[in-house]
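So the structure is just underneath, and the comments pick up after that.
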Amino acid sequence: MTATSARPTVQQLRWQDYELGMFCHFGLNTFGDKEWGDGTDDPARFDPQAFDPRQWVSAAQAAGFRYLILTAKHHDGFCLWPTETTDYSVRSSPWRDGKGDVVREVADACAEAGLPFGLYLSPWDRHEPCYADKEAYDDFYCRQLTELLTGYGPLVELWFDGAGSEGREYDWRRIMDLVEKHQPDAMIFNMGRPTIRWVGNEDGVAPYPCWNTAESAKASLFTKDMLTWLPDTSAWVPAECDVPIRELQWFWHPGAEERLLPLERLLDIYYRSVGHGANLLLNIAPDDRGLLPEADVKRAIELGNEIRRRFDHPLGETEGAGNELTMEWPSPQTFDHAVVQERIEEGERVRDYRLEARVDGRWMTIAKGSAIGHKKIDRFAPVTADGLRLTVRQADAEPLIRRMACYLADDART
């Protein structure tokens with residue numbers, strides 16, 4: 001399949017419309033002031049006395065996130081569910097007297113609220129002794145994955161992190177067959193037979209243009225090599241941008257509130273991820289109580305409120321097909337943003353476009369670009385006009401515009 005003929009699946013279309021997701025890094029690292037545990041920390045340290053996944057889900061929904069992904073197992077190998085594969089799990093902790101299941105409780109909280117739920121399962125495992133034996137570890141990993149695929153309801157996404165696995169070959173065909181068998185609707189992140197790809201950085205921003213088609217992607221921050229996928233991987237692999245709400249901090253660390261990203265930075269990230277056609281996965285790490293920190297929740301809700309303030313009330317909107325699409329008003333309107341979306345179920349067709357405003361009877365260019373795809377947000381100096389025109393100057397086939405809208409959004413420039 002060529003890039004120009006690629007089409008998204010129904011599942012990809014649904015996922016791309018989610019746009020915003022919340023990442024939750026939680027585990028033994030939370031209690032050890034670490035980012036990457038080495039697999040030797042005592043499970044007895046894991047004891048989140050106030051653990052409340054409903055608080056996580058409530059915060060996610062208040063901020064406008066449309067899916068949630070939990071680290072079921074990070075690189076240290078500690079499992080947040082009572083797996084049968086190892087005793088390095090919540091079963092060996094004092095939390096819930098060793099009878100608890102973090103994955104179960106978060107999955108249930110998400111299901112109750114109607115929030116799609118996904119899981120991160122690190123291929124790299126620094127605790128498991130059999131990791132050195134490729135075939136034995138492939139068996140081990142597939143057993144862990146099967147537990148998660150079959151025990152926690154429908155999953156929206158499976159996150160396969162390449163960090164720590166540079167140069168390692170896993171049995172991806174076998175792993176992908178398990179996903180296809182048990183969770184065929186789940187998005188597969190970046191490894192094996194992916195349906196979504198990593199954007200290539202942990203800053204939360206996509207390059208522009210960020211096309212929905214690709215044949216390879218970067219595996220991790222720690223290699224310059226590109227990741228080559230299985231031969232039957234579709235060319236349509238939209239990007240997901242991940243970033244922590246506290247700078248350089250995926251897990252919670254005590255006394256690090258000063259790392260909380262300012263609202264202006266988060267808005268810039270939004271414009272350069274969702275506004276470039278990608279999904280944004282914002283990490284908010286639960287603390288050692290088992291709760292999302294109040295300051296982090298407040299900031300995430302501030303972000304959601306500001307997105308809604310800017311983009312919930314268009315001054316006008318339209319849709320259509322063809323190389324030109326025009327929207328007009330009986331009297332001039334002042335606007336400083338335009339949002340354009342293609343009907344990507346028919347593929348990504350636009351390759352070059354221009355936006356113009358009609359001021360005093362004359363058309364003037366206010367923005368131009370290449371990719372539109374799922375969504376392109378253009379910002380420009382406020383203009384007062386009685387018309388907005390999209391002209392497609394190059395396309396692979398007839399342009400199909402799902403939506404064109406304009407807004408007066410910037411009370412204060414960011």
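Worth knowing before you read on, the calculation uses all heavy atoms, side chains too, and leaves out hydrogens, waters and symmetry mates.
- L178 places a side-chain heavy atom less than 4.5 Å from the side chain of C142.
- Counting only N and O atoms by type, the side chains of S216 and T228 include no donor and acceptor under 3.5 Å apart.
- In this structure, W250 has its ring center no closer than 6.0 Å to that of Y120.
- Side-chain contact of W198 with D161: a donor-acceptor pair under 3.5 Å is absent, judged by distance alone.
- Taking the side chain as every heavy atom from C-beta outward, L145 and R174 never approach each other to under 4.5 Å.
- Ring geometry, F311 versus Y271: the interplanar angle exceeds 60°, so the pair is classed perpendicular (tilted spans 30 to 60°).
- Listed by chain and number, the residues in a side chain to side chain contact (heavy atoms under 4.5 Å, CB included) with P399 are N323, V350, V392, A395 (sequence neighbours excluded).
- Within the 4.5 Å cutoff, side-chain heavy atoms of W329 are placed close to those of L388.
- With a 4.5 Å cut-off on side-chain heavy atoms, E128 and Y141 do not count as touching.
- Exactly one of E157, R66, M187 qualifies for a side chain to side chain contact (heavy atoms under 4.5 Å, CB included) with Y18. That residue is R66.
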- Step by step, work out the side-chain contact (heavy atoms from CB on, under 4.5 Å) result for E324 and T391. CA-CA 5 Å; E324 189 174 292; T391 301; 4.3 Å; yes
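- If you take CZ on R7 and OG1 on T9, they are separated by 13.0 Å, rounding to the nearest 0.5 Å.
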- Message: As a quick check of understanding, evaluate side-chain hydrogen bond (donor to acceptor under 3.5 Å, both in side chains) for T85 and Q144, giving each step before the final call.
- Response: CA-CA 7 Å; T85 62; Q144 287 194 334; 3.1 Å; yes
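- Annotation: cation-pi geometry satisfied between R389 and W363 (NZ/CZ under 6.0 angstrom from ring centroid, within 45° of ring axis).
- Put simply, the side chain of D410 reaches to within 4.5 Å of the side chain of R310, judged on heavy atoms.
- One distance of note links CG of L119 with CG of L149; it measures 8.5 Å at 0.5 Å rounding.
- The aromatic rings of W56 and F51 sit perpendicular, their planes meeting at an angle over 60°, well past the 30° parallel limit.
- A distance-only check finds a donor-acceptor pair linking the side chain of E35 to the backbone of F251 [under 3.5 Å].
- With values rounded to the nearest 0.5 angstrom, F78 atom CZ is found 11.5 Å from T83 atom OG1.
- In summary, the side chains of S220 and E166 do present a donor paired with an acceptor at a separation below 3.5 Å, with no hydrogens or angles considered.
- Residues P286 and L292 meet the side-chain proximity criterion, which asks for heavy atoms closer than 4.5 Å.
- Proximity of L266 to I245: side-chain heavy atoms (C-beta onward) are separated by under 4.5 Å at one or more points.
- When side chains are defined from C-beta on, R272 does not count as touching Y208, because their heavy atoms never get closer than 4.5 Å.
- Applying the 6.0 Å contact sphere to CD of E112 captures more than 12 heavy atoms from other residues, nucleotides or ligands.
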